[in-house]
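Numbers here simply count residues along the sequence, with the first being 1. Start at 1 and go down the list; that is how both ligands and their atoms are numbered.
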Amino acid sequence: MTIEEIKSLLQENGIVGAGGAGFPTYAKLDKRADTLILNCAECEPLLRLHRQLLKQFTHEILSTLHFLSKILEVETVYVGVKGSYKRTVEAVKAELASYDNMKLCTLPEVYPAGDEVVLTYEATGRVVPAGGIPLAVGVTVLNVETVYNVYRALNGLPVTHKYVTVTGEVATPVTLYAPLGMTLQELIDLAGGITTADPAYVIGGPMMGRLGSTAEVVTKTTNAVLVLPKSLPLVQKKLSKTSIDMKRAMAACCQCSYCTSLCPRHLLGHPIDPSAFMYVASNGITNDATPYVDSMFCSSCGLCELYSCGQGLSPRSLLAACKNGLRENGVKPPKDPKMSGVSEARPWRMVPLKRLRSRLGLDPYNQSAPMSEEPVESKKLRIPLSQHIGAPAVAIVKKGDRVEAGQLIATPAENALSVAIHAPMAGTVTDVTARVITITK
Ligand code: SF4
Ligand code: SF4
């Protein structure tokens, strides 16, 4: 198979980065890469998906990774797994002997080990330039479920379901294989229901996830649904408004610089300095635009506001507001930003996951969420046409059509970054809008 053939296969089968922003995987494959990394860091507290998936489907995932490495003609493949995922590491070690170019890269139990920039440095010692992607240093990173989806596509099965961990204040934490378009309420019911009187719903991990509602549906990027008490400080942080965050920064930022000292991107030499930003933003200083423009190099990992700042301030949220404002006004990140080199202090400034989990008040929820064997079912699915970065897919079915499970229901937008969408179950199309296709059993 050529690189163009595999790219078409991935686009036609609807494969996007399973988690994160949902970048179409076909567009990530590039022969300029000399290294391929499997990302099984899963560094957000409470997430339980990738380690289970890689342990259960070790052969399927690693053989597919090897297959991709041959098409891309990369020299080295790193399987990045945290050393603490002992059973997954054992399964990987047992399988690795079958391949000539693959190595295990044992990752430390720190946050954010799964950030592609951090992972690339840990595996290869190469520093991705600020504002760049790993390909800039010859690296392609794919996550575990994405490679599993490539395995399925090679066997004629498109993306129709997503593994989702449902945990926190639910009776039976579990990792479900859910059809795209199923409501989060249905997932929570399958996890035994809510066990707190005042729930908040975090979609994704506690650090980078966002608050959502139970009426939302599973998409190709839904990794987890965390049910947490609204009173938890991390939930309150996510509810906070920018204007209040700024007033609090004006009143309480003591310029201790802890936010900068522990910033993972700053430690790799990127020109992001949350402490300098907090100083100019909270004092209204505008004679030097650098700290504002450098907000574009923040990864929004959240360490500064959920861990580092002893005053409980919100550098991440304020940086995000600044970054969004600049983008809306057409400001682009500076080209070739000055890098300061990897900090000598980095090894002892990485944040242990255990301490982070404890600081966030999440220890009571650090529980297993076993993977269910069988896909779960729903009577009605509302399937968004935009589940990925790029142009939405284009519906090719109409109200009243009968569809089969796995049938193509939306094609990639023409001449744009886009992927196809397929029916997760057999049923009747009961509605088609510009954004959603509804299928009812
Ligand atoms: S850690 Fe908090 S108080 Fe210290 S400089 Fe950063 S924002 Fe200000
Ligand atoms: S969110 Fe804070 S700690 Fe994370 S990259 Fe941005 S400034 Fe650094």
- Decide yes or no on salt bridge (charged side-chain N to carboxylate O under 4.0 Å, His left out) for Lys338 and Asp294, but give the supporting numbers first. CA-CA 11 Å; Lys338 196 162 176 285; Asp294 286 349; over 6 Å; no

- Query: Do Tyr201 and Glu216 meet the criterion of a side-chain donor-acceptor pair at a distance under 3.5 Å?
  - Reply: no

- Query: Counting heavy atoms only, which part of Cys304 comes closer than 4.0 Å to ligand 2: side chain, backbone, both or neither?
  - Reply: both

- Message: Suppose I only count heavy atoms of Arg316 and a 4.0 Å limit; which atoms of ligand 2 are within that range?
- Response: 1 (S)

- Just going by heavy-atom distances, which of Ser261, Ser308, Cys301 is nearest to atom 3 (S) of ligand 2? Cys301

- How long is the span from the NE2 atom in His266 to the SG atom in Cys298, to the nearest 0.5 Å? 13.0 Å

- Query: Quick one: does Cys254 get within less than 4.0 Å of ligand 1, heavy atoms only?
  - Reply: yes

- Within 4.0 Å of some non-hydrogen atom of Gln311, the atoms of ligand 1 are 3 (S)

- Task: Ignoring hydrogens and angles, state whether a donor on the side chain of Thr58 or Glu95 is under 3.5 Å from an acceptor on the partner side chain.
- Result: no

- Task: Return yes when at least one N/O/S atom of Cys263 is nearer than 2.8 Å to atom 8 (Fe) of ligand 2, and no when none is.
- Result: yes

- Message: I need the nearest protein heavy-atom contact for atom 6 (Fe) of ligand 2: residue, atom name and distance, please.
- Response: Cys298 SG, 2.4 Å

- Report the distance from atom CG of Leu72 to atom CD1 of Ile6, rounding to the nearest 0.5 Å. 9.0 Å

- Do Glu145 and Arg51 meet the salt-bridge criterion of a basic N to acidic O distance under 4.0 Å? no

- Query: What part of Leu319 sits under 4.0 Å from ligand 2 if we count only heavy atoms: the side chain, the backbone, both or neither?
  - Reply: side chain

- Residue and atom name of the nearest protein heavy atom (relative to atom 4 (Fe) of ligand 1), distance in Å to one decimal: Cys256 SG, 2.3 Å

- Task: Compute whether any side-chain donor of one residue and acceptor of the other, for Asn223 and Lys162, lie under 3.5 angstrom apart.
- Result: yes

- Message: Looking at ligand 2, would Cys259 count as a contact under a 4.0 Å heavy-atom criterion?
- Response: no

- Message: Considering non-hydrogen atoms of the protein only, which is the closest contact for atom 8 (Fe) of ligand 1, and what is the distance?
- Response: Cys253 SG, 2.3 Å

- Among protein heavy atoms, which sits nearest to atom 2 (Fe) of ligand 1, and what does the distance come to when rounded to 0.1 Å? Cys309 SG, 2.4 Å

- Ser299 heavy atoms, cut-off 4.0 Å: which ligand 2 atoms fall inside? 5 (S), 6 (Fe)

- Under-4.0 Å heavy-atom contact with ligand 2, by part of Ser300 that carries it: backbone

- With a cut-off of 4.0 Å, which atoms of ligand 2 are near a heavy atom of Pro264? 3 (S)

- For Pro274, the ligand 2 atoms whose distance to one of its heavy atoms is below 4.0 Å: 7 (S)

- What is the nearest protein non-hydrogen atom to atom 1 (S) of ligand 2, stated with its residue, atom name and distance? Gly302 N, 3.3 Å

- Item | Pair Arg355 + Glu109: basic N to acidic O under 4.0 Å | no

- Task: Please check if any side-chain donor atom of Gln11 sits under 3.5 Å from a side-chain acceptor atom of Ser8, or the reverse.
- Result: no

- Non-hydrogen side-chain atoms of Val139 and Glu116 separated by less than 4.5 Å: no

- Item | Validation row: Leu318, Met246 side chains within 4.5 angstrom (heavy atoms) | yes

- If you count the atoms of ligand 1 from 1 in the order shown, which ones are under 4.0 Å from a heavy atom of Met278? 7 (S)

- Nearest protein heavy atom with distance in Å, relative to atom 5 (S) of ligand 1: Ser257 N, 3.4 Å

